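What follows is a single structure, written as structure tokens, with notes after it.
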Amino acid sequence: MSEKFDPSQADAHWQQVWDQRACFHADDASTKPRSYVLEMFPYPSGRIHIGHVRNYTMGDVLARYKRMKGFEVLHPMGWDAFGMPAENAAMEKGVHPGGWTRENIANMKAQLKRLGFALDWSRELATCEPDYYGHEQALFLDLYRGGLVYRKESAVNWDPVDQTVLANEQVIDGRGWRSGALVEKRKLSQWFFKITDFADELLEGLGTLDGWPEKVRLMQENWIGKSQGLRFTFQVVDPAPQLPGTFEVFTTRPDTLFGASFAAIAAEHPLALALAKTNPEAAEFIEECKRGGTTAAELETAEKHGFDTGLRVAHPVDPSLTLPVYIANFVLIEYGTGAVFGCPAHDQRDLDFARKYGLPVCRVVADGDLDAAVFEGDEAFTGPGKLVNSGFLDGLDIKAAKTTVIERAQSEGWGTGETQYRLRDWGVSRQRYWGTPIPFIHCEACGVVPVPKDQLPVTLPEDVDFKTPGNPLQRHPTWKHVDCPECGKPAERETDTLDTFVDSSWYFLRFASQPEDRPFDPEQVAKWLPVEQYIGGIEHAILHLLYARFWTRALKHIGKLDIAEPFGSLFTQGMVTHETYSRTDMDSGQPVYFSPAEIDRGGESATLKSDGQPVEIGRVIKMSKSKKNVVDPDEIIATYGADAIRWFMLSDSPPERDLPWSESGIEGCGRFVQRLWRLFSGFDASATGEDKALDRKRDQTVAAVAEDIEALSFNKAVARIYELVSAIEKAKPSASRSAAIRAVLLLIAPMMPHLAEEAWQTIGDGGLVADALWPAVDPALLVDDEVTIAIQHRGKLRDTVTAAKGLPKDQLEALALASEKVQRSIDGAEVRKVIVVPDKLVNIVT
RNA sequence: GCGGACGUGGCGGAAUGGUAGACGCAGCGGACUUAAAAUCCGCUUGGGGUUUCCCAGUGCGGGUUCGAGUCCCGCCGUCCGCACCA
């Protein structure tokens, strides 16, 4: 073996060998137990960034470990290849989105290969290719026939300059992010998935996902936002003929009905709109509401405004009481019925509103002894208590009062108990080119007609231009013109494409099974799924993960699948962060940032290489181009090799937390690679003699590292490997030492596969370490025969003694009392009690 | 406002209610070397005695326990998610 390990030679060599031997092809016909390890597939932006490296290294270690444990592992990779950046590139650089995307894929694939990931590239897919999105179109039609897809008019953010719909994230302070134009609300006919049909199922299903982080489950729970309450109808007193005579409200606090002092409707509510036609003041107020900002900060500070319509509604329980009806800016048309009743004493918003407009505030829930009908103060009481001033509800607690009101409403026919969800149906229409064409045809005579399955895929036209704003599909000269599949008359294709979240809602199925004629084979899918371990960023906690869960359930609902949840275990990894380097620009006062490559980093200071002068070291934050605190994985690989960067990704920080990147850290990893190489180089197969302590250390480490990897606690596994390596280095040559070196090689094989493969050539027993099995352990060696006993007095450690494992309590006690240090500490005091924990400690109480 | 997570050396972090600070990084000292790099050895929570010892110490204040970084209560701080959700 040569003196130094040379990753620039070894990495490429072994990557090629793994490729040629198809080491990581998952065998559908295998009889082994199966394991499906999946990382969220990347968007092909052009370059792999360090966050990808961390994500895929974790998955790779798990996949390789599972293989060593005898599993048939499916570990695939693909590309979430549709999306806006490709169209932006097309507009900015005049390239075709497809060409740009495919080039990026090629580059990033090469980068992934340089990291030596154990991926089954034969299953690679890109969502922008017809052999993927064609199947997606077929599934879309299946879901349509299953009643889970529909069209409706819906408001969108419309950029009048770019002639396009904007996602909410693309609207910044009410303006289009690219054009800067004021965004308009426009009504368009859009396609929707009926995800709300599954709201309850998706909520209930969270309870079965034991392998998911509690945090993600909570986020999804909040997103679905189930609330139970009462929906009831208000009758308008003396309704005008041109106005609706009733409207419905929803409340989660039907118990406070007797505290109602007004009703409020949203500015977009049908009654408000009807009123606006004849009442200019109302119209003006509605306009004013629309102008209000929609950002969180604005909403928080926005004052509550109302417009008294002059209308009154009858109180449902006591029709002799009437309430004024306001149009109010704090009522949301999207939630519930877009109308509420206000109970100021027990709702802060209602109280703010009531105080502003001088409305009555009547207490209906007692605050301890406080039960006066007149409510004082500006803080609503929302705590528990008995109902007061509430007729037939008096004396009930809140829960009982809710039930009583709902029962009464139902028996008297003016309302029903109802469950509301915050979750909305999923709008998937995008007025863009670079996405999956929605497979429908609009015919004047036949209406909306699905494209027949034998005409799928509906492929994107290649000859498009991005010089003019708007959807290229819409203005393409020929593409949209087709004959109606039903009547044969000229008709038009749907020119909207699908939200890219649709593409990522079923790719894990296509990885498991890739028939040409169907999206997937349910039998194969049943063999591989659910994904045993899914790994990705927390930023997908809600949308992607909820949509994928919805698709799985929807496909089950229409009989295409037999699993309910796609991802058995989910892991969300932390970000890779880096400190920032900057100087303050004298003229502008703004910081000027420098990249790590421009910096010489000492122990406590940093200087700029070009002038040797100090720079300010800033906080450790997420890597971003604007702060220049980024590192390029390719450069790291070129300097230190793939194994060093992989090792760094696993070291130190727990994987769910942020990992601070540092030059000294990666240098340390590079040194450890060489240190291992020296260890392996010193392997002596002919050494003899036994080192029992090292044997124990070896098997204990093997067992512990296995546990750590299965728990994804890579940082702990890394620390244990360091410990074992140190112990081996200190040990004298023996057969035990050689065996321990061999064990280390297998332990690091999933983490540093290139180094492991190279060393395996001389240490191993033929073949590839990629095909080797995880080392077996001798259970007898996992327990020590001697243990260290801690001796405490008054709860503090006074001494430690070594004792045989399993020594009886009385002997341990005697041993403890015999200690000189302990006796000194006791200092003649009376021993009142001795607690003995076998094999652990003795605590003497005086 | 609601919900959640977290708080341990100079830094990242270990620690089934049982020896706090494993392991890595940084730092200091030494060996090897003409020298440097690499490598190896030692030290590295604070305060005191300086020898093999003592005291304090896991954001702050209480509590439970023979024993608390860990469990309970109350604060403080940081981060994240959601939010005029009726």
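What you are looking at is a predicted structure, and each value in this text was computed from that prediction instead of being measured. By convention in this document, chain letters (A, B, ...) are assigned in the order of the sequence lines, proteins followed by strands, and residues within each chain are numbered from 1.
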Using the P atom as the reference point in each nucleotide, state the distance between B:G59 and B:G9 in Å, no decimals. 8 Å
Rounded to whole angstroms, how far apart are CG on A:Leu332 and P on B:A86? 10 Å
According to salt bridge (charged side-chain N to carboxylate O under 4.0 Å, His left out), does anything in residues 225-234 of chain A pair up with another residue at least two apart or in another chain? List the pairs. A:Asp200-A:Lys226, A:Arg231-A:Glu248, A:Arg231-A:Glu418
Using the C1' atom on both, measure B:C6 against B:U19 and round to a whole Å. 26 Å
May I ask you to decide if A:Ala260's main-chain N or O and A:His315's side chain share a donor-acceptor pair within less than 3.5 Å? no
So, A:Tyr326 versus A:Phe307, ring centres under 6.0 angstrom or not? no
Kindly give the atom pairs (protein nitrogen or oxygen, nucleotide nitrogen or oxygen) under 3.5 Å for nucleotides 42-53 of chain B.
unit_1: B:C53; atom_1: OP1; unit_2: A:Lys821; atom_2: NZ; d: 2.9

Letter by letter from the 5' end, nucleotides 13-25 of chain B scores (B base, S sugar-phosphate only, - none; protein heavy atoms under 4.0 Å) SSSB-BB--BSSS
Take the protein atom CG of A:Leu218 and the nucleotide atom P of B:A83, then report the distance between them rounded to whole Å. 15 Å
Atom-to-atom span, CE of A:Met575 to C1' of B:G81 - whole angstrom: 14 Å
Identify the nucleotide, in any strand shown, that forms a Watson-Crick or G-U wobble pair with B:U34, with both distances under 3.5 Å; if there is none, say none. none
Should the pair A:His544 and A:His540 be assigned to parallel (<30°), tilted (30 to 60°) or perpendicular (>60°) ring geometry? perpendicular
Let me know the distance between CD of A:Glu214 and C1' of B:G81, rounded to the nearest Å. 14 Å
Whom does B:G7 pair with, Watson-Crick or G-U wobble, provided both distances fall under 3.5 Å? B:C76
What pairs meet the salt bridge (charged side-chain N to carboxylate O under 4.0 Å, His left out) rule with one or both residues in residues 703-719 of chain A, with sequence neighbours excluded? A:Asp708-A:Arg720
For A:Lys622, which residues count as a salt bridge (charged side-chain N to carboxylate O under 4.0 Å, His left out) partner, sequence neighbours excluded? none
Per nearest nucleotide of RNA chain B, the residue lying toward the 5' end, A:Trp223 or A:Gln674, is A:Gln674
Base paired to B:U65 (Watson-Crick or G-U; both N/O distances under 3.5 angstrom): none
Taking the same atom, P, in B:C73 and in B:C80, what whole-Å distance lies between them? 26 Å
Sorted by chain and number, sequence neighbours left out, salt bridge (charged side-chain N to carboxylate O under 4.0 Å, His left out) with A:Arg549 holds for A:Glu565
Any-strand Watson-Crick or G-U partner of B:A26, both distances under 3.5 Å: none
Taking RNA chain B as the partner, which of residues 342-355 of chain A come within under 4.0 angstrom of it by heavy atom? A:Arg349
Mind telling me whether A:Phe375 and A:His346 have parallel, tilted or perpendicular rings, with 30° and 60° as the class edges? perpendicular
Once you apply a heavy-atom cut-off of 4.0 Å, does A:Val331 come out as touching a base, just sugar-phosphate, or nothing? base
Picking from B:A86, B:A83, B:C84, the nucleotide nearest the side-chain atoms of A:Arg422 would be B:A83
By ring pair (Phe, Tyr, Trp, His ring centres under 6.0 Å), which residues pair with A:His305, not counting sequence neighbours? none
Residue pairs passing the ring pair (Phe, Tyr, Trp, His ring centres under 6.0 Å) test with at least one member in residues 707-727 of chain A, sequence neighbours excluded, are A:Trp647-A:Tyr722, A:Phe672-A:Tyr722
At under 4.0 Å between heavy atoms, what does A:Arg424 touch on the DNA or RNA strands: base, sugar-phosphate, or nothing? nothing
I'd like to check the salt bridge (charged side-chain N to carboxylate O under 4.0 Å, His left out) partners of A:Glu729; sequence neighbours left out, ordered by chain and number. A:Arg675
Measure CD1/A:Ile538 against P/B:C6 and give the value in whole Å, please. 14 Å
On a whole-Å scale, what distance lies between the C1' atoms belonging to B:G63 and B:U70? 15 Å
May I have the distance from A:Lys622 (atom NZ) to B:C79 (atom P), rounded to whole angstrom? 16 Å
Check this one for me: any side-chain N or O of A:Lys833 less than 4.0 Å away from OP1 or OP2 of B:C66? yes
Nearest-angstrom distance, C1' atom, B:U65 to B:G77: 29 Å
Find which nucleotide of RNA chain B each of A:Asn222 and A:Ile542 is nearest to by heavy atoms, and output the residue with the more 5' nucleotide. A:Asn222
Rounded P spacing from B:U16 to B:G42 in Å: 27 Å
Roughly, in whole Å, what's the span from CD in A:Glu334 to C1' in B:C84? 11 Å
Considering only the C1' atoms, how many Å lie between B:C25 and B:C32, rounded to the nearest integer? 24 Å
Under the side-chain contact (heavy atoms from CB on, under 4.5 Å) test, which residues partner A:Thr382, sequence neighbours left out? none
So salt bridge (charged side-chain N to carboxylate O under 4.0 Å, His left out) across residues 658-670 of chain A, not counting sequence neighbours, yields none
Give me the distance, rounded to whole Å, that separates B:G10 from B:U44 when you measure between the P atoms they each carry. 15 Å
For B:G9, measure the glycosidic angle (O4'-C1'-N9-C4 for a purine, O4'-C1'-N1-C2 for a pyrimidine) and name it syn if it falls within 90° of 0, otherwise anti. syn
Measure CG/A:Asn329 against P/B:C85 and give the value in whole Å, please. 12 Å
Centre-to-centre under 6.0 Å for A:Phe262 and A:Phe353, is that the case here? yes
